[in-house]
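Worth saying up front: this structure is predicted, and the values here are computed from it rather than measured. The chains referred to below are lettered A, B, ... by the order of the sequence lines, with proteins before strands, and numbering in each begins at 1. Quick note: numbers below take in every heavy atom, side chains included, and nothing from hydrogens, waters or symmetry partners.
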2 protein chains.
Amino acid sequence: MFTILLADDEERIRRLVSDFLRRDGYVVLQAADGGQAMELIDQRLNSIDLIILDVMMPVYDGWSVLRHIRSKNKDVPVMMLTARTEDTDEVFGFDLGADDYITKPFSPIVLSARVRAIEKRRHQHDEGIYQSGALSINEVRREVCVEGKTVELTPKEYELLIYFKNNQSIAASRENILNAVWGYDYFGDLRTVDTHVKKLRAKLGPCGTMIETVRGFGYRFEGAKT
Amino acid sequence: MFTILLADDEERIRRLVSDFLRRDGYVVLQAADGGQAMELIDQRLNSIDLIILDVMMPVYDGWSVLRHIRSKNKDVPVMMLTARTEDTDEVFGFDLGADDYITKPFSPIVLSARVRAIEKRRHQHDEGIYQSGALSINEVRREVCVEGKTVELTPKEYELLIYFKNNQSIAASRENILNAVWGYDYFGDLRTVDTHVKKLRAKLGPCGTMIETVRGFGYRFEGAKT
DNA sequence: AATTATGTGAACACAGTGTGACAGATTTGC
DNA sequence: GCAAATCTGTCACACTGTGTTCACATAATT
C-alpha cells in the first residue's frame, strides 16, 4: 500500500488528482489548507509515503509545511505544486528538501508519472525485501511479516520459506527441498518436509495457502496474484 | 511464428518498419491509430508476441493503449516509439510496463535489433512450456491448462500426458506406454492404460480428442494442426 | 450376426497427505 | 555448567485421493 497526502486549496484540483491517483491504486488523503496538512502530518506521518503540497495555501503555505516535515527529520518524499513563475521558487524548494517540483497547470498524467517515479525510487531502496500480497520477507533483518505483523519462525522454517521464495512457481519435490534446505548429505525421512510445511503454513496464517500441495510430487510456492 | 502488432499513424513509417520486420521473418499486424490498436488487442492479444506503439496517435495515444494492455494483466512485451523529448516520458513508459523505448527518428536496423533481443528474452522465458492449440503444459510448475484454465491431474495422468507429449504423432502400443510410464518391471493389466486414457481425455475436455485411438494397437497423440 | 476391441462406471485396496504427540537434540537464560 | 525452553525429526493415526481391476456397454471389424 502506498499512501499519498495531497494538500491543495482548490477543490477541483484535489478531486481531479486524487481520482487519477486512486485509479492507479494509491490511497489518497486530502487536506484543503496548510493547517489541515499539518494536522494530518502530525497524526500519521509514519503511514504516509508521499506528500504533494501546493505552495499557495491558506493558513500555512507549502514551504512552511515542508519546513515542518523536515524539522521532524522524516525523509518522506515531498512534491511541490506551484504556479509558473521564476526559477527561484524551484531552487528554493529543492533547498528545503523537496524531491520533485511540478508547475501549474499540469496534466494529471505527468503528475502520476512523477509519482510512479518516486514510488519506484523508494521501492528500489527496499532492495532485499521480498513482498507478495500480505507476506513480506526481509532477509537482511531475517524477519518475516504477514499483514504487517512479525511472525516468529524457527531457523528451519525460515530457511524453508526462503527456499520457497527463491523457487516461486516451481513444483518442488520433497527430495529437492530436502537437498536444498537440509543439505545433500542428509538422509532423513522425506516426510519431515511435510511436518515443517505444516508448521510453516500455520505460522503464515492467511499466507499459508501460498504453499500449494502438488499431490504425488511435492509442493509449490505461489506468489500472490496481482 | 512470432507476431508483431505495429501501431503508428504515419503510413510511411508503418510500411518501412513492417517491410523490414517481414524480411526478418516476423508476421506484422498494422494499426493506424490507437483505436485500431485497441481493437486488434481485444480480438487477438493471445496470438500477439510483441506490440510496438507510437506514443503520438489519434483516438488513443500510446500510453493509453499500453495501460489498456497492462490492465488485461498480459505480460506481452511492448516497445514504445516517441519523439525525443524530456526523460519524464521515458520514466513514465517504463513505469507503465513498457519493455523498450525507441526515440524517433530511428533506423530500422536498430529497431529490428531490439525486436530480436526481445524475442530472445521471451523464448528463453518460455523454456519448458509446451503449447499446442488450447492445451499448454508447464513442466516446471507441473501444471496443465486447457483454454487457459488449470486442470488438476493425478500423478499417473500427468505422467501419461507427458509421455504422449514427448511422443507426438507416434502410434504407441499399450505395452510401450506401460513400460514408459509405469516402468519396465511393472506387470499389470494392459487395459489399465485404457482407463487412464479415458480419465485423461475427460479431464482435457476439448483437448481430449488429441489422444486418438489406434484400433488394435494402442493410442496416438496428435498436436493441434497449425 | 458374430466377434473382437475399446469406452465407461463402480468397487476396493492402498498410497499420499495433514495432523498431533513425543523423544532426542539444540539453544537459551541464568 | 546446568536447567529450562525450544527446536527438530520421526512416528502413528485418520482421512482423502488414487490406481487397478472387473464387468458390462458400446463401437468397429469380419
Side-chain angles (χ1 to χ4, degrees), chain A residues 142-144 150-164 171-222, chain B residues 142-144 150-164 171-222:
Chain A
R142 211 165 207 274
E143 190 179 64
V144 175
T150 304
V151 174
E152 296 291 345
L153 296 184
T154 70
K156 270 281 178 296
E157 287 160 2
Y158 179 78
E159 285 165 37
L160 181 59
L161 180 59
I162 296 299
Y163 172 82
F164 277 134
S173 70
R174 291 180 174 71
E175 288 193 37
N176 290 156
I177 297 172
L178 223 47
N179 282 334
V181 178
W182 274 260
Y184 60 89
D185 56 350
Y186 175 86
F187 299 99
D189 195 330
L190 286 175
R191 302 237 22 227
T192 296
V193 177
D194 295 35
T195 304
H196 283 273
V197 165
K198 185 232 164 196
K199 288 186 174 176
L200 187 53
R201 277 177 173 159
K203 287 199 182 176
L204 293 183
C207 294
T209 54
M210 292 168 77
I211 305 173
E212 300 172 355
T213 302
V214 184
R215 198 161 214 288
F217 189 78
Y219 297 93
R220 181 178 53 212
F221 183 75
E222 210 56 71
Chain B
R142 207 167 213 268
E143 190 179 63
V144 175
T150 305
V151 174
E152 296 290 347
L153 296 184
T154 70
K156 271 282 179 296
E157 287 160 3
Y158 179 79
E159 286 163 35
L160 181 59
L161 179 60
I162 296 298
Y163 171 82
F164 277 134
S173 71
R174 290 180 176 70
E175 286 194 39
N176 290 155
I177 296 172
L178 224 46
N179 281 334
V181 178
W182 274 259
Y184 60 89
D185 56 350
Y186 175 85
F187 300 99
D189 194 330
L190 285 175
R191 303 239 19 230
T192 295
V193 177
D194 295 35
T195 303
H196 282 277
V197 166
K198 184 234 164 195
K199 289 185 174 174
L200 188 53
R201 278 175 173 160
K203 287 198 182 176
L204 293 183
C207 294
T209 54
M210 292 168 78
I211 304 172
E212 299 170 357
T213 302
V214 183
R215 207 180 156 75
F217 188 77
Y219 298 93
R220 182 181 49 213
F221 183 76
E222 219 45 80

TODO: Take the protein atom CD of B:Glu157 and the nucleotide atom C1' of D:dT20, then report the distance between them rounded to whole Å.
DONE: 13 Å
Open item on the list: Does the plane of the ring in A:Trp182 sit parallel, tilted or perpendicular to the ring in A:His196? Use 30° and 60° as the thresholds.
Closed with: perpendicular
Task: Short side-chain N/O contact from B:Tyr186 to OP1 or OP2 of D:dG19, under 4.0 Å - done: no
Task: Approximate separation, where rounding is to 0.5 Å, of A:Glu143 CD and A:Tyr158 OH - done: 9.5 Å
Open item on the list: Within the 4.0 Å heavy-atom criterion, would you say A:Val214 contacts the bases, only the backbone, or no part of the nucleic acid?
Closed with: sugar-phosphate
Open item on the list: Can you confirm whether the side chains of B:Arg142 and A:Ser173 place a donor and an acceptor under 3.5 Å from each other?
Closed with: no
Open item on the list: Is there a side-chain contact between A:Thr192 and the phosphate of D:dT8, meaning an N or O under 4.0 Å from OP1 or OP2?
Closed with: no
Open item on the list: Taking only side-chain N and O atoms of A:Lys198, does any of them lie within less than 4.0 angstrom of OP1 or OP2 on C:dT17?
Closed with: no
- [ ] Indicate, with a heavy-atom threshold strictly under 4.0 Å, whether B:Phe217 touches base, sugar-phosphate, or nothing.
- [x] sugar-phosphate
- [ ] In whole angstrom, give the distance that lies between atom CG of A:Leu153 and atom P of D:dC7.
- [x] 10 Å
- [ ] Compare all side-chain heavy atoms of A:Glu175 with those of A:Val193 and state whether any distance is below 4.5 angstrom.
- [x] no
Open item on the list: Please report the distance, rounded to the nearest Å, between NZ in A:Lys199 and P in D:dT10.
Closed with: 13 Å
Task: A:Pro155, nearest nucleotide to its side chain (from D:dT8, D:dG19, D:dT21) - done: D:dT8
Task: Short side-chain N/O contact to C:dG18 OP1/OP2 from A:Thr213, under 4.0 Å - done: yes
Open item on the list: Just verifying a value: how many Å separate A:Thr154 OG1 and A:Glu159 CD, rounded to the nearest 0.5 Å?
Closed with: 8.5 Å
Task: Ring geometry between B:Phe221 and B:Phe164 (parallel below 30°, tilted from 30 to 60°, perpendicular above 60°) - done: parallel
- [ ] Kindly say whether, by distance alone, the side chain of A:Arg201 makes a donor-acceptor pair under 3.5 Å with the base of C:dG18?
- [x] no
TODO: Please report, rounded to the nearest Å, how far the C1' atom of D:dA5 is from the CD atom of A:Glu152.
DONE: 15 Å
Task: Between C:dT4 (P) and B:Leu190 (CG): distance, integer Å - done: 18 Å
Open item on the list: Could you check whether any side-chain heavy atom of B:Thr195 comes within less than 4.5 Å of a side-chain heavy atom of B:Lys156, counting everything from C-beta outward?
Closed with: no
Open item on the list: How many whole angstroms separate atom NE2 of B:His196 from atom P of C:dT8?
Closed with: 15 Å
TODO: Report the nucleotide, chosen from D:dG9, D:dC7, D:dA27, that has the shortest atom-to-atom distance to any side-chain atom of B:Arg215.
DONE: D:dA27
Task: Euclidean distance, atom CG of residue B:Leu200 to atom P of D:dT18 [Å, nearest integer] - done: 14 Å
Task: Atom-pair distance (NZ on A:Lys203; C1' on D:dT8), nearest Å - done: 12 Å
Open item on the list: For a quick test of reading the model: is some side-chain N or O of A:Trp182 closer than 4.0 Å to OP1 or OP2 of D:dT8?
Closed with: no
Task: OP1 or OP2 of C:dG16 under 4.0 Å from side-chain N/O of A:Arg174 - done: no
TODO: Taking only the side-chain heavy atoms of A:Asp194 (C-beta and beyond), determine which of D:dC24, C:dT17, D:dT20 contains the nearest atom.
DONE: C:dT17
Task: Heavy-atom side-chain proximity of B:Val181 to B:Tyr186 below 4.5 angstrom - done: no
Task: A:Thr154 side chain near D:dT8 phosphate (N/O to OP1/OP2, under 4.0 Å) - done: yes
- [ ] Give me the bend of the helix from C:dA1-D:dT30 to C:dC30-D:dG1, using the axes of the five pairs at each end, rounded to 10°.
- [x] 40°
Open item on the list: Less than 4.5 Å apart, side chain to side chain, heavy atoms only: is that true for A:Arg201 and A:Thr213?
Closed with: yes
Open item on the list: When you measure from the side-chain N and O atoms of A:Tyr219 to the phosphate of C:dG16, is any distance below 4.0 Å, counting only OP1 and OP2?
Closed with: no
TODO: Can you measure from CG (A:Leu190) to CD1 (A:Ile177) and round to the nearest 0.5 angstrom?
DONE: 10.0 Å
Open item on the list: Checking contacts here: which listed nucleotide (C:dG7, D:dG9, D:dC7) is nearest the side-chain heavy atoms of A:Lys156?
Closed with: D:dG9
Distances for protein N or O near nucleotides 23-28 of chain C N or O, under 3.5 Å:
none

TODO: Would you give the length of the straight line joining atom CG of B:Leu204 to atom CG of B:Leu153, rounded to the nearest 0.5 angstrom?
DONE: 6.5 Å
